[in-house]
Amino acid sequence: MSVIIDSAYGKANVKFLKVKKDAKNPKVQEVLEANCQVLLKGDFDVSYTKADNSPVVPTDTVKNTILVEAKNTDVWPIERFAAHLAKHFTGKYSHVRGVEITIIQSRWTKFPVNGKLHDHSFRNEGPETRRTFLTYDKVSKNLNITSSIQDLTVLKSTGSMFYGYHQCDYTTLKPTTDRILSTDVDASWQYKEQLKSLDDVSKLADDGVFDNTYDTAREVTLRLFALENSPSVQATMYNMCHEILLKAPKIDSVTYKLPNKHYVLYDFSWKGIKDNKELFYPSPDPNGLIKCTVGRKGSAKL
Ligand SMILES: O=c1[nH]c(=O)c2[nH]c(=O)[nH]c2[nH]1
């Protein structure tokens, strides 16, 4: 006898761009481009086990809902919109027990023209995104939000070291006090203790908590990356987590996941050149991959 252990379904890659006009000066505008994924969880087992579609809210309806709600409600910040969608789906359909919602925001930023940020012209900052992932279960009232920065690619050409590591008969790496350090930042932070209900999300949003935490995480990441003479990816990412936790009291933990994208000096010994210190090649693979989650002392949950 087989049994459904877990299931979820919904719509992925529901995309929109919303324009917000300043009430006093409608030419002053903001934009938010988003890619949304909403998965429903609940009493849907018969649709899998008995081919009974009667409880299935079509994924097409999920898509329509995301778009209509994006038109009719505030989508800034994305955490507020995710909580609004969670409330909608779990409130409207009695058999929807919970949701898993992901919203990915592109980075459109205003650029200066004649020394002043233009009112309604934006440049796309590449693959970097701001994200939020919300899970909610209306029976247990369990609510989690993890927000993140992804694909922020950085490189420093000096100010990074790696020495003093474990040595054995498999070790070929040479210690260095001067290397290139490059990574695609994936930094995320978790809200849990401050979120007792979906309504708490709009309160935190009104207080600017989600935007401020995002700005803090990004600022700390870039500043420490640049300023620290990094002893290792591990030590630098820990310092980033520590400073974000100090500056963002509403979050419980911070997670970094950083590839160490190696740049390797070309070997010109075949040409008699022995002092190459400036011409590198990007080594596409393999890459290091280093992760850690840092929480507040005394609050670690086992
Ligand atoms: O910062 C680093 N951490 C490592 O664990 C490691 N391992 C390695 O080969 N190079 C590096 N660099």
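This is a predicted model, so every value here is computed, not measured. Whatever order the structure lists them in is the order used to number ligands and atoms, beginning at 1.
Among Ile290, Val233, Leu181, the residue whose heavy atom lies nearest to atom 1 (O) of ligand 1 is Val233.
Residues satisfying the side chain to side chain contact (heavy atoms under 4.5 Å, CB included) criterion with Asp199, sequence neighbours excluded, are Lys87, Ser197.
Salt bridge present: Asp60 and Lys63 bring a charged side-chain N and a carboxylate O closer than 4.0 Å. Look at Asp211 and Arg130 and you find a salt bridge, because one of the NZ, NE, NH1 or NH2 atoms lies within 4.0 Å of a carboxylate O, short of that distance. The pair Asp200-Lys203 meets the salt-bridge criterion, with a side-chain N (NZ, NE, NH1 or NH2) lying under 4.0 Å from an Asp/Glu carboxylate O.
In this structure, Arg218 contributes its side chain and Tyr214 its backbone to no donor-acceptor pair below 3.5 Å.
When each atom of ligand 1 is checked for a heavy atom of Asn260 under 4.0 Å away, the hits are 2 (C), 11 (C), 12 (N). Of all the atoms in ligand 1, the ones that sit under 4.0 Å from a non-hydrogen atom of Ser232 are 1 (O).
Ranking protein heavy atoms by distance to atom 3 (N) of ligand 1, first place goes to Gln234 OE1, 2.9 Å. Protein heavy atom at the shortest distance from atom 12 (N) of ligand 1 is Arg179 NH1, 3.0 Å. Closest protein heavy atom to atom 7 (N) of ligand 1: Phe162 CE2, 3.6 Å.
For the pair His262 and ligand 1, the shortest N or O to N or O distance does not fall below 3.5 Å.
Using bins of under 30°, 30° to 60° and over 60° for the plane-to-plane angle, the ring pair His120/His118 lands in the perpendicular bin. Between Tyr93 and His95, the ring planes are perpendicular. Angles over 60° get that label, and only those under 30° would be called parallel.
Of all the heavy atoms of His166, none lies under 4.0 Å from any atom of ligand 1, so neither backbone nor side chain is involved. Of the heavy atoms in Leu173, only side-chain atoms (C-beta onward) come closer than 4.0 Å to ligand 1.
Every heavy atom of Met161 sits 4.0 Å or more from the atoms of ligand 1.
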